[in-house]
Q: 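The structure under discussion is supplied below as structure tokens; questions concerning it will follow.
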Amino acid sequence: MGVIFELSAVLVIACVAICALFKKADIFPALCRGAMQGLITLKDMLPALIVLFPAVYMLRASGALDALTRLLAPVMSIIGVPPETVPLALLRPISGGAATAAATDIINSSGADSLAGRTAAVMIGSSETTLYVVAVYFGAAKIKNTRHAVPAALMADLAVFLSSAWCVRLMWG
């Protein structure tokens, strides 16, 4: 099974080439058109990405994330969410890499079998990098007014984080 996964890219390329041979299609111009469309899409998405990545870094480097974590920790404890998972819940909608680093920190400090470690694992597996996805997809589609998409997606993230914590507490107490 591992060999199939390792060869999957080669197999896909081979299948495309074989299909193109049967259809007598010229692959190179099609690949060039696809690459051009990809670059146009990248041009539309790049401004949002240029803003998001430094913003996440500044949030972590400035200490604002730690201050917000300390501020929200008592409330999270009351509603049944491990306070250690607050940085993960704050970073996950913005950046997958920063959220993975936060989850790694939680698991390393609390342990993989701890309530916080299990909650972090479920949270990161159940959620999405909402603002990144909105920036990429809405930018690619050239949609300027997101209307209710961002608030609705952030409310969904909140629901995911709360239900993750509650389910882990219910299953592993």
Side-chain angles (χ1 to χ4, degrees), residues 5 8-9 37-173:
F5 288 124
S8 61
Q37 289 173 352
L39 288 174
I40 291 169
T41 302
L42 178 65
K43 177 189 68 86
D44 294 336
M45 294 183 320
L46 203 56
L49 297 178
I50 289 172
V51 169
L52 276 176
F53 290 135
V56 169
Y57 178 77
M58 289 187 325
L59 184 66
R60 291 191 78 175
S62 69
L65 184 64
D66 295 331
L68 200 51
T69 299
R70 284 192 299 276
L71 183 70
L72 293 174
V75 175
M76 293 298 182
S77 293
I78 292 170
I79 60 174
V81 178
E84 301 90 346
T85 62
V86 172
L88 174 61
L90 293 174
L91 288 173
R92 182 63 176 169
I94 303 169
S95 168
T100 301
T104 301
D105 291 344
I106 293 166
I107 291 170
N108 286 339
S109 64
S110 300
D113 289 332
S114 67
L115 185 65
R118 287 180 172 164
T119 302
V122 173
M123 281 180 175
I124 204 160
S126 303
S127 60
E128 183 57 78
T129 53
T130 303
L131 297 178
Y132 174 80
V133 168
V134 166
V136 168
Y137 290 122
F138 280 72
K142 296 182 178 84
I143 297 172
K144 303 289 184 215
N145 185 4
T146 60
R147 282 194 58 151
H148 305 295
V150 173
L154 291 175
M155 291 302 292
D157 282 338
L158 178 62
V160 164
F161 296 135
L162 292 175
S163 61
S164 295
W166 295 338
C167 287
V168 168
R169 188 172 296 278
L170 181 68
M171 293 181 76
W172 288 287

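Quick caveat: nothing in here was measured; it's all calculated off a predicted structure.
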Q: Holding to side chain to side chain contact (heavy atoms under 4.5 Å, CB included), I want the full list of residues that pass it with A64, two or more places apart in sequence or in another chain.
A: L59, S62

Q: Mind listing the closest non-hydrogen atom pair of L91 and A102 along with its distance?
A: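 Result for this residue pair: CD1-CB, 4.1 Å.
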
Q: So, do P93 and F161 sit near enough that their side-chain heavy atoms are less than 4.5 Å apart?
A: yes

Q: Sequence neighbours excluded, which residues qualify as side-chain hydrogen bond (donor to acceptor under 3.5 Å, both in side chains) partners of K142?
A: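 D44.
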
Q: Show the nearest heavy-atom pair for residues P87 and T69, with the distance to one decimal.
A: CG-OG1, 3.6 Å

Q: Going by salt bridge (charged side-chain N to carboxylate O under 4.0 Å, His left out), name the residues that satisfy it together with D66, two or more places apart in sequence or in a different chain.
A: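 With sequence neighbours excluded, D66 shows a salt bridge (charged side-chain N to carboxylate O under 4.0 Å, His left out) to no residue whatsoever.
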
Q: In Å, rounded to the nearest 0.5 Å, how long is the span from OG1 of T85 to CD1 of I124?
A: 11.5 Å

Q: Please report the shortest heavy-atom distance between A116 and I106, naming the atom on each side.
A: O-CG2, 3.7 Å

Q: Applying side chain to side chain contact (heavy atoms under 4.5 Å, CB included), can you list everything that pairs with S77, at least two apart in sequence or on another chain?
A: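 Expected list: P83.
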
Q: Give the table of side-chain donor-acceptor pairs shorter than 3.5 Å for residues 125-136, with sequence neighbours excluded, one pair per line with atom names and distance.
A:
residue : atom : partner : partner atom : Å
S126    : OG   : V122    : O            : 2.7
S127    : OG   : R92     : NE           : 3.0
S127    : OG   : M123    : O            : 2.7
T130    : OG1  : E128    : O            : 3.4
T130    : OG1  : D157    : OD1          : 3.1
T130    : OG1  : D157    : OD2          : 2.3

Q: Please output the side-chain donor-acceptor pairs of residues 162-173 that fall under 3.5 Å, not counting sequence neighbours, one pair per line with the distance.
A:
residue : atom : partner : partner atom : Å
S163    : OG   : A159    : O            : 2.8
S163    : OG   : V160    : O            : 3.2
S164    : OG   : V160    : O            : 2.7
W166    : NE1  : I79     : O            : 2.7
R169    : NE   : G80     : O            : 3.2
R169    : NH2  : G80     : O            : 3.3

Q: Using the salt bridge (charged side-chain N to carboxylate O under 4.0 Å, His left out) rule, collect all pairs that involve residues 93-112, keeping only residues at least two apart or in two chains.
A: R60-D105

Q: Can you list everything that forms a salt bridge (charged side-chain N to carboxylate O under 4.0 Å, His left out) with R118? Sequence neighbours excluded, please.
A: D113

Q: Write out all pairs satisfying salt bridge (charged side-chain N to carboxylate O under 4.0 Å, His left out) with one or both partners inside residues 81-91, taking only residues at least two apart or from two chains.
A: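 Qualifying pairs, neighbours excluded: none.
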
Q: Can you run down the side chain to side chain donor-acceptor pair (under 3.5 Å) pairs that involve residues 144-154, sequence neighbours left out, and say none if there aren't any?
A: none

